[in-house]
Each structure stands twice: as C-alpha cells, then as structure tokens.
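Convention: sequence-line order gives letters A, B, ...; per-chain numbering from 1. Computed from a predicted structure; not experimentally measured.
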Number of protein chains: 2
Amino acid sequence: MTEVPWLDEGEQQAWRALMTMQDDLAEFLDRQIRNRDGLSKADYEVLAHLSEAPGGRLRSFRLGELLRWEKSRLSQHLGRMENRGLVIRERSLADQRGADVTISRRGTDLITAAAPRHVADVRAAFFDHLTAAELQTITTIAGKVKEGLAKLQP
Amino acid sequence: MTEVPWLDEGEQQAWRALMTMQDDLAEFLDRQIRNRDGLSKADYEVLAHLSEAPGGRLRSFRLGELLRWEKSRLSQHLGRMENRGLVIRERSLADQRGADVTISRRGTDLITAAAPRHVADVRAAFFDHLTAAELQTITTIAGKVKEGLAKLQP
DNA sequence: TACCGTTGGTTGACGTGTGAACCAGTTGCG
DNA sequence: CGCAACTGGTTCACACGTCAACCAACGGTA
C-alpha cells in the first residue's frame, strides 16, 4: 500500500474532500427526507419522476431508464411501494408484457409535501456556499468526468 | 412538484451533473475493484486502513472512527471478512471489552494487488480530466460544504 | 468496596441493492 | 404460418446498511 505510486498531496486532499463531501451530503439529504417525510431517497425519486409524468403514470421500463436502475431493483422497490400504497401497478394494455406504474393519491400528497423541503435542504447544504464561478466549474468538471467514463466502459 | 419554487436553470444543471458524476464514478470504481480484485469497496477500505496501520492491526473502534462507520455495520462486515479469511479478530488484552483486528496474509496479498490498480482507475476516471485550478476549486467547495453541514446538524 | 453510568461490541429484524435464472408476451424471419 | 430470439418483468439467493436492544467490561464516585 505505502510503496505503490500514490496520488500527490493535492490530489489526495481533493479526492478525500470530494468523497467525504459526497458522503456527508448524501447522508444529510437522505436522513432529512426519511425522518421528516417518511420516504427513502429511492421512494422520493420514484415519486418525483411519476409526479412529473403526464397523468402521474409511466411504463415501468421507462421509469427504469429515467432512474438508471437495474430492472430487478425497480421491480422489488415498486413492489414495496405498492404495498405501502404509494403507487399502483397494472399490466399495460398496449403491451401485455409490460406494466404501467401510477402514483397514488397518497404518493402525490407525500411528494408534494416533501419536494419544497428537499429543495430548501439542497440550497442550505450546497448552493448557499457556492459562487457562480464555482457552480460553473462543477458543471464543467462533471461533464468531463462523465464523458471520460463513457469512453472507459465501451 | 412542478409548482414549487425550484432551482434555477444553472443550479439544476449543476446539481444533476454533480449527482450523476458521483453515481457514475462510484459505480465504475466499485465495479472495477469487485470484478478485478474480488473485493467490495467496503472490503477495500477496511483492508487499506489495516495495511497502513502498524503491524496491520487496529482496535475495532479505532477502525470505525477512521471509516466513519456505525459500530453495528463494522461488526457485521468484519464478521463476513473474517469468514472469508481476510482479517482476524481477537479480544484485546489491554481492554477486555474491545477487539483487535488484524489483516491476514490473504488480505495483505489482495490489497497489495488491488491498490495500484485502484489508484490508476481514480486517475483515469478523474484526475486526468482536471486542471490544477479545478482541483483547487473542488477542495475549496468540499471544505465549505462540509463546514456548512456541520452547522446544520448540531 | 459497591454501584451506576459509560464504552466497545454483538445480535436480530428489516429495508435495500445485485446477479442469475426464469417466464410470458412480442417480434422477425424462413 | 411457425418458431427462434428478444423484451419487459418477477423471483430467488445473497451481500450490505441501519436501528434498537442487549451484554460484558470499565471507571468514577459515594
């Protein structure tokens, strides 16, 4: 470990800082949603996508694309959310293989209450600390990294 | 959802970019370690800390501090790692409550092989795309966000 | 010295994520 | 038309994370 070519001082510092920022941020936001709104981050994202879709309804595989989730994960999670009355699943009429997922009244109420509070948290935890230039830099970096990763995994 | 005060265009773009960069990066690095070295990210981090400690040995609670893990998580994970022969646990002589965790020969071999490849991945996926100024900005932002979070949760 | 609060760790129950196997419906092609 | 390949989903087994309850050892104070 100690004898391998490692990152230099500045790189190591930046990497650690980024990783812990990421952890802390995710943990804070998850906990807020969970404790205040009774939703996991996963629940929140499912409901957010559904509530933005026309009629609060999406084909299951389309939802999976938007969330970038494995299909088994989506299936398991929707099953749990259905049991809790947050969404309704029914076989699609257009394609008998598929399923339509619809947000329930209860799901709508929950996401409606949770969303503005979540946005406020994101502001308080992140954007309030950033200058416009820093914001721009973040976007630039993220774009480059994402592009690079796409090339690394063909 | 659509009628609540939301983030502005630039903020939304930055936030999405940061979140997906984070997801992609984590997923790429995890998958590399898992497929190539047969270790989860959690395994890797435990072994990395142990291998850097004198004698490859740490008190369990100290390891927990370094990893910032809940104690139950640490206990469960060390149990699994012990079953796989990666670490050895024994009651501490100094304090009969505590446990000493020692990296095994097998654990040492694995982390020794995995570490340089992981560093190379981090470079390829992240640092190779960044200027010195961007690196500096990252560190600055992460510091400010971390500080802000500390104030938000007293 | 005896007791009580604290500390270090383990356990059990449960929610969550992944990969592989599987299944039914659909599509393409001879 | 008939059948193989593909698609959309589910299920199973397992790894992982969190919380709450628990337990034994330690440490300070009456």
Using heavy-atom distances to pick each residue's nearest nucleotide on DNA chain D, tell me which of A:Gln76 and B:Glu70 is more 5'. A:Gln76
In whole angstroms, how far is the C1' atom of D:dA25 from the NZ atom of B:Lys71? 13 Å
Flag yes if more than 12 heavy atoms outside B:Arg36 fall under 6.0 Å of its CZ atom; otherwise flag no. yes
Counting distance alone, no hydrogens or angles: does the base of D:dG8 have a donor or acceptor under 3.5 Å from a partner atom on the side chain of A:Ser60? no
Between B:Arg16 and B:Gln12, is any side-chain donor less than 3.5 angstrom from a side-chain acceptor? yes
Would you mind reading off the distance between A:Leu58 atom CG and D:dG9 atom C1', rounded to a whole angstrom? 16 Å
Mind checking if B:Arg34 touches a base, just sugar-phosphate, or nothing, with heavy atoms under 4.0 Å? nothing
Does A:Ser75 place a side-chain N or O at less than 4.0 Å from the phosphate oxygens OP1/OP2 of D:dG9? no
In whole Å, what is the span from the CG atom of B:Leu67 to the P atom of C:dG9? 13 Å
Indicate the ring-plane relationship of B:His118 and B:Tyr44, choosing parallel, tilted or perpendicular according to the 30° and 60° boundaries. tilted
CD of B:Gln96 versus C1' of D:dA25: gap in Å, rounded? 8 Å
Please determine whether a side-chain nitrogen or oxygen atom of A:Arg31 lies at a distance below 4.0 Å from atom OP1 or OP2 of D:dC19. yes
Check this one for me: any side-chain N or O of B:Arg80 less than 4.0 Å away from OP1 or OP2 of D:dA15? no
Quick one: B:Asp43 CG to D:dG17 P, roughly how many Å, whole number? 9 Å
Just N and O in the side chain of A:Arg97: are any of them under 4.0 Å from OP1 or OP2 of C:dC23? no
What heavy-atom pair brings B:Leu47 and B:Leu86 nearest, and what distance separates the two atoms? CD2-O, 4.0 Å
Go nucleotide by nucleotide along DNA chain C from the 5' end; which of A:Leu93 and B:Arg59 gets its closest nucleotide reached first? B:Arg59
As a test of reading the structure: which of D:dG8, C:dG8, D:dG17 is closest to the side chain of B:His77, going by heavy atoms? D:dG17
By nearest-heavy-atom nucleotide on DNA chain D, the more 5' of B:Asp95 and B:Ser40 is B:Ser40
On the nucleotide D:dG17, are OP1 or OP2 found under 4.0 Å from the side-chain N or O atoms that B:Arg73 carries? yes
Please check if the number of heavy atoms outside B:Gln96 that lie under 6.0 Å from its CD is greater than 12. yes
To the nearest Å, how far apart are A:Leu39 CG and C:dG15 C1'? 14 Å
Roughly, in whole Å, what's the span from CD in B:Glu27 to P in D:dC16? 16 Å
Reading DNA chain C from 5' onward, which residue's closest nucleotide shows up sooner: A:Ala94 or B:Asp100? B:Asp100
For A:Arg84 and C:dG15, give me the distance from atom CZ to atom C1', rounded to whole Å. 9 Å
Side-chain N or O of A:Arg62 closer than 4.0 Å to phosphate OP1/OP2 of D:dG8: no
Can you tell me if B:Lys144 has over 12 outside heavy atoms packed within less than 6.0 Å of its NZ? yes
